[in-house]
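Notes to accompany the following structure.
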Amino acid sequence: MMLVKTVQQRLEKYFTAGSLALLIVFFGIASDNFFSLTTFASILNQLPALTVVAVGMTLVLIVGCIDLSVGSVVGLSSAVAGVAAVVYGLPLPLAFMLGLITGTLCGLVNGCLSSFFALPSFIVTLGMLEMARGLAYMTTNSQTLFIGASIQKLSLPITGIGVSPALIIAISIVILAHFLVRNTVFGRYIIAIGTNETAARMSGIPIHPYRISVLALSGCLAGLGGLFNAAYLGAADPNAGIGLELSAIAAAVIGGTSLMGGRGSVAGAFMGVLIIAVLQNGLAQLGATEPVKRLITGGVIIAAVLFDHWRLRRRDRY
């Protein structure tokens, strides 16, 4: 049984990378312009916002929760940063800090409500989804605020490297979060809580602080995603991040994170982000309409959930 389980884990480990490779080959054959430096640079420089949000979502899923508010928090954080910079004339670093604080506070509220009042994180973050989006509209008067070229430097490729500072920051966060989950007490504790909360509590693990900190971290990373989104657009859009929570969940599950908690991979989530980005860009090059792209992306999400369910059944069997 141990041999079967080991083989299964190795197959799951390479499944995501294999799926990504197949997508690249398919779109490379189906589209004349897919295999080009311009296409790959475009894909890479669209990744930062979804990458950091997916990292936060992965940690939340590992601890046995879910965060449906991240898309709206992206919009609210970018709105706060935009108003601070444009309306109040604050320096960009200070405006960025306010955006990060906004996202962190949203996550902190999610964590405190779900932990101290024993409310399902699904319900709490669903409420925050609506509240944060409403606050984003109120903050900007439902208008897009043009910030200017100064913020776009964060998303423009660095000369000689070809990737943006935002992507470098996002990949650094992936590496740090992967190390956090795999090699620290914090990572072992959130895995234990997500696997069996009762057993973790009886082992002396403080449940509330870890759950609150994970949701606060998810909010902070969503705030950073909002800044990356504003840098990519050169503006603060109150509609930014709509539906991003679904893409983040899909990326995490595609990368091997369980919706039931207790198991996940930050590196795998990044592979899931790459799959979603390649899928969306490839479909765009093939001339797929927006409804078709949404239909296929939704199908990928359902397939990822079904695959996660199959993995859980096989794990329980062996």
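For this chain, numbers begin at 1 and follow the sequence in order.
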Query - Min side-chain heavy-atom separation Asp237-Ser78 under 4.5 Å - result: no
**Report entry** Beyond-backbone contact of Met271 with Ile275, side-chain heavy atoms, under 4.5 angstrom
**Finding:** no
Report task. Would you check, one step at a time, whether the test side-chain contact (heavy atoms from CB on, under 4.5 Å) holds for Leu100 with Phe96? Result -> CA-CA 6 Å; Leu100 289 176; Phe96 280 8; 5.6 Å; no
Report task. Would you check, one step at a time, whether the test side-chain hydrogen bond (donor to acceptor under 3.5 Å, both in side chains) holds for Ser218 with Asp67? Result -> CA-CA 8 Å; Ser218 175; Asp67 190 351; 3.0 Å; yes
Query raised in the report: Tyr232 versus Leu154: any side-chain heavy-atom pair under 4.5 Å?
Result: no
**Report entry** Sequence neighbours excluded - ring pair (Phe, Tyr, Trp, His ring centres under 6.0 Å) pairs with any residue from residues 152-205
**Finding:** Phe186-Tyr210, Tyr189-Tyr210
**Report entry** Hydrophobic cluster identity match, Val87 and Leu90, side-chain contacts under 4.5 Å
**Finding:** yes
Query raised in the report: So, Asn110 versus Ser69: side-chain donor-acceptor pair below 3.5 Å or not?
Result: yes
Query - Leu68: which of Ile123, Val124, Leu126 passes side chain to side chain contact (heavy atoms under 4.5 Å, CB included) - result: Leu126
Query raised in the report: Taking C-beta and beyond as the side chain, do Asn281 and Gln46 meet within less than 4.5 Å on heavy atoms?
Result: yes
Query raised in the report: Are Val70 and Leu129 side-chain neighbours, meaning at least one heavy-atom pair lies under 4.5 Å?
Result: no
Query - Straight-line distance of Leu176 CG to Ile171 CD1, nearest 0.5 Å - result: 12.0 Å
Query raised in the report: Is Ile169 reachable from Leu244 through a run of hydrophobic residues whose side-chain heavy atoms are each under 4.5 Å from the next?
Result: yes
Requested in this report: Could you tell me the separation between the OG1 atom of Thr140 and the CE atom of Met138, rounded to the nearest 0.5 Å?
Outcome: 10.5 Å
Report summary line: Taken to the nearest 0.5 Å, the spacing of Leu233 CG from Ile147 CD1 works out to 9.0 Å
**Report entry** Nearest-0.5 Å distance that lies between atom CG in Leu156 and atom CD1 in Ile151
**Finding:** 11.0 Å
Query raised in the report: Is it the case that one hydrophobic cluster holds both Val63 and Leu108, taking links as side-chain heavy atoms less than 4.5 Å apart, direct or via other members?
Result: no
Requested in this report: Give a yes or no on whether the backbone of Gly187 and the side-chain of Thr184 come within a donor-acceptor separation of less than 3.5 Å.
Outcome: yes
Query raised in the report: Does a side-chain heavy-atom distance below 4.5 Å link Leu61 with Met57?
Result: yes
**Report entry** Beyond-backbone contact of Leu76 with Cys106, side-chain heavy atoms, under 4.5 angstrom
**Finding:** yes
Query raised in the report: Under a single-linkage definition using a 4.5 Å side-chain heavy-atom cutoff for Ile, Leu, Val, Met, Phe, Trp and Tyr, are Leu217 and Ile101 assigned to the same hydrophobic cluster?
Result: no
Query raised in the report: Does any N or O in the side chain of Ser72 come within less than 3.5 Å of the main-chain N or O of Glu130, such that one atom is a donor and the other an acceptor?
Result: no
Requested in this report: Could you tell me whether the side chain of Ser114 and the main chain of Gly111 form a donor-acceptor pair under 3.5 Å?
Outcome: yes
Query raised in the report: Would you find a donor on one side and an acceptor on the other, under 3.5 Å apart, between the side chain of Thr257 and the backbone of Ala252?
Result: yes
Query raised in the report: Looking at the rings of Phe27 and Phe35, which for Trp means the six-membered one, are their centres under 6.0 Å apart?
Result: no
**Report entry** Donor-acceptor under 3.5 Å (Ser258 side chain, Met260 main chain)
**Finding:** yes
Query raised in the report: Is there a donor-acceptor pair under 3.5 Å between the side chain of Arg133 and the backbone N or O of Gly71?
Result: yes
Query - N/O donor-acceptor pair under 3.5 Å between Ser77 side chain and Val74 backbone - result: no
Query raised in the report: Among the clusters formed by ILVMFWY side chains lying less than 4.5 Å apart, do Ile212 and Ile207 turn up in the same one?
Result: no
Query raised in the report: Taking only residues two or more places apart in sequence, or in another chain, which ones meet Thr195 in a side-chain contact (heavy atoms from CB on, under 4.5 Å)?
Result: Ile191
Query raised in the report: Okay, side chain of Arg263, backbone of Ile62: is any donor-acceptor separation there less than 3.5 Å?
Result: no
Query raised in the report: Going from CD1 on Ile296 to CG on Leu283, what distance comes out if it is rounded to the nearest 0.5 angstrom?
Result: 4.5 Å
Query raised in the report: Quick one: does Leu259's side chain get under 4.5 Å of Ile249's, heavy atoms only?
Result: yes
Report task. Write out all pairs satisfying ring pair (Phe, Tyr, Trp, His ring centres under 6.0 Å) with one or both partners inside residues 137-165, taking only residues at least two apart or from two chains. Result -> none
**Report entry** Interatomic distance, Ser121 atom OG to Leu113 atom CG [nearest 0.5 angstrom]
**Finding:** 11.5 Å
